[in-house]
There are 2 protein chains.
Amino acid sequence: MAVDMRSAGEADLIRPVQRAVPLRQAVYESMVELVVSGRLNPGEHLVETDLARQLGVSRQPVREALHRLQAEGWVDLRPNQGAFVHEPTDNEVDQLLDARELLEVETARLAARSADAQAAARLRVICHEGEAAVKAGDAEGFITANNHFHAALADVAGNAVLAELAAIVGRRMRWYYRLAAPLRGETSCAEHLEMIDAIAAGDEKRAAKAARQHTERTRVAYHRTVQS
Amino acid sequence: MAVDMRSAGEADLIRPVQRAVPLRQAVYESMVELVVSGRLNPGEHLVETDLARQLGVSRQPVREALHRLQAEGWVDLRPNQGAFVHEPTDNEVDQLLDARELLEVETARLAARSADAQAAARLRVICHEGEAAVKAGDAEGFITANNHFHAALADVAGNAVLAELAAIVGRRMRWYYRLAAPLRGETSCAEHLEMIDAIAAGDEKRAAKAARQHTERTRVAYHRTVQS
DNA sequence: CTAGCGTATTTTGGATACAAAGGGCCCTAG
DNA sequence: CTAGGGCCCTTTGTATCCAAAATACGCTAG
């Protein structure tokens, strides 16, 4: 959370202090942070009034943020009962990974089809940002870069719908990423680079295979993590 | 739209007239209807105040409905400018069909894997409902049954994430369905039955092939429709 | 002592009121 | 006549307020 939004609108500089994002956006981000960081426990009942007071805003933006959070699977909204932090299950992460594999393999294939040196270069840059975050021990930064990479990949593939579906899955994965990802940041980046090489070469089969392997290894890493 | 929501809470029977759904749900459904039916034109600017007045509710439920509509791709929400009815493109329908094919084929495969006579029977019932709607010339009923079928299929497959992604794609497809679906209701049902048979037999390959064909024929039908 | 009902409190759902940002229009100056 | 600037109006974003629903607790009767 960190930011106290009450001060966001107050002028301490000459220029008219434009608050770039709407409040509900800030609230949304804060709440994702709260959930992902584990400060809100799964199953916990989120009371709008309390959240509003804690964040220093009215209930209105909180409500809108909660609706968005529901749409993205962070919370479950029960009519007349309010929001409950979503309780992730082992089953769910496997299903997410299945979906991710399906989307990712296809995306990689499409990306390879429209092979483009410039696009590959862009992907490499993002990939290296992830590596840098790993080296700096910045887990959150790595996850961000990771999502960036997958989004950029979808962009290269040129299918906005696939990109969006991948983004939905990706957002939900964040929850689990926090468990497994930090452990394999470096290998993950290496796998991304292999995908990029295949795509740059326009080799659909190799790209698909690399994507499949990448997802599969993520799955293995996750299961190893939760076991221990 | 048809329903005037103001009267929804009034008692005309002895039992306490429970309004089953929240207002925002009703507003959401009305607005989907308005968009799909073409009474709201693509690109049109939706003013919250006007919608609220026309539907006989306050701005609050309208706002929440608009947010949900955005999440589902019906409208585009520009900050500080409000909602605009999404403008569909030919490209987009192809991307949707690509995504649908990907999801549907995998779903059919999974469903076949967990073959189950009871599940197949359930699917057949839904399928026949669709046929009945076609025979009655009820286009909207067919589309509903159609979505029902795909949802049930995803349910049989046992992957809730895939089911949800398929539902997202399905909702967006509704827009285009209205153009193409009525023309091929009967053949569509026949294709569904072929999928069901394959699934009941536990034949993954045949189920996948049937799903692929089904999507492909939908695509052809759509393109034929928009050309003319 | 237990089960069932009724009430009271809590919390959400919806409405209204207010502030701020954006866009369009008119007016003026070059 | 055209380009630039400023004002006004429209529309969204946020806050507060009221009503309705759900749950939890306590009381009473069997």
Side-chain angles (χ1 to χ4, degrees), chain A residues 3-31 40 43-71 74-85, chain B residues 3-11 13 15-31 40 43-71 74-85:
Chain A
V3 252
D4 176 17
M5 265 155 286
R6 266 166 301 194
S7 62
E10 294 166 13
D12 50 7
L13 287 173
I14 286 129
R15 55 180 172 185
V17 189
Q18 48 189 348
R19 188 184 61 220
V21 296
L23 259 190
R24 64 161 175 276
Q25 176 72 17
V27 171
Y28 162 79
E29 286 166 7
S30 297
M31 293 201 50
L40 293 177
E44 190 169 333
H45 186 194
L46 300 177
V47 177
E48 295 177 359
T49 314
D50 296 349
L51 288 170
R53 202 184 46 248
Q54 285 170 26
L55 294 172
V57 298
S58 85
R59 262 181 62 211
Q60 184 74 5
V62 173
R63 286 182 62 173
E64 303 199 352
L66 283 175
H67 283 291
R68 181 167 166 196
L69 288 165
Q70 178 192 37
W74 294 107
V75 304
D76 300 313
L77 228 50
R78 296 214 285 267
N80 290 319
Q81 281 186 266
F84 298 80
V85 179
Chain B
V3 250
D4 175 18
M5 265 154 286
R6 268 165 302 193
S7 64
E10 293 167 13
L13 287 173
R15 55 180 170 184
V17 188
Q18 49 189 349
R19 187 184 61 219
V21 296
L23 259 191
R24 64 163 172 276
Q25 176 72 17
V27 171
Y28 161 79
E29 287 167 8
S30 297
M31 293 202 48
L40 294 177
E44 190 169 334
H45 186 194
L46 300 177
V47 177
E48 295 177 357
T49 314
D50 295 349
L51 288 170
R53 201 185 48 246
Q54 285 172 26
L55 294 171
V57 298
S58 84
R59 265 181 60 209
Q60 182 76 4
V62 173
R63 276 179 73 88
E64 303 197 353
L66 282 175
H67 284 292
R68 182 167 166 198
L69 289 166
Q70 177 192 38
W74 295 106
V75 304
D76 301 312
L77 228 50
R78 295 214 285 267
N80 290 319
Q81 280 188 266
F84 298 80
V85 179

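Please read all numbers here as calculations on a predicted model, not as lab measurements. Within every chain, numbering begins at 1; the chains are lettered A, B, ... in the order of the sequence lines, protein sequences first and strands thereafter.
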> Could you check which of D:dT12, D:dT14, C:dG14 has an atom nearest any side-chain atom of A:Arg59?
C:dG14
> Restricting to side-chain contact (heavy atoms from CB on, under 4.5 Å), what partner residues turn up for A:Asp50, sequence neighbours left out?
A:Val47, A:Arg53, A:Gln54
> Using the side-chain contact (heavy atoms from CB on, under 4.5 Å) criterion, which residues pair with B:Ala52? Sequence neighbours excluded.
B:Arg59, B:Val62
> Does the side chain of A:Gln60 reach to within under 4.5 Å of the side chain of B:Gln60, using non-hydrogen atoms?
yes
> List in numerical order all residues of residues 60-70 of chain B for which some heavy atom is under 4.0 Å away from an atom belonging to DNA chain D.
B:Arg63
> With sequence neighbours excluded, what pairs up with A:His67 under the side-chain contact (heavy atoms from CB on, under 4.5 Å) test?
A:Leu77, B:Arg24, B:Glu64
> Using side-chain contact (heavy atoms from CB on, under 4.5 Å) as the criterion, list what pairs up with B:Glu29, not counting sequence neighbours.
B:Gln25
> Which nucleotide in the list D:dT14, D:dT12, C:dG14 gets nearest to the side chain of B:His45?
D:dT12
> Find the distance B:Arg53:CZ to C:dA15:P and express it as a whole number of Å.
15 Å
> Touch check for B:Leu46, heavy atoms < 4.0 angstrom, all strands: base, sugar-phosphate only, or nothing?
sugar-phosphate
> Please identify each residue that fulfils side chain to side chain donor-acceptor pair (under 3.5 Å) with A:Asp76, with sequence neighbours left out.
A:His86
> Could you state the CZ-P distance from A:Arg78 to D:dA21, rounded to the nearest angstrom?
19 Å
> Rounded to the nearest angstrom, tell me the gap between atom CD in B:Glu48 and atom P in C:dT16.
15 Å
> Specify the residue among A:Asn80 and B:Thr49 whose closest nucleotide of DNA chain D lies further upstream toward the 5′ end.
B:Thr49
> Which residue, A:Arg24 or A:Gln81, contacts DNA chain D at a nucleotide closer to its 5' end, judged by nearest heavy atom?
A:Arg24
> Of all the choices, C:dA15, D:dT12, D:dT16, which nucleotide is nearest to the side chain of B:Val47 once you look at every atom?
D:dT12
> CD of A:Gln25 versus C1' of D:dT14: gap in Å, rounded?
16 Å
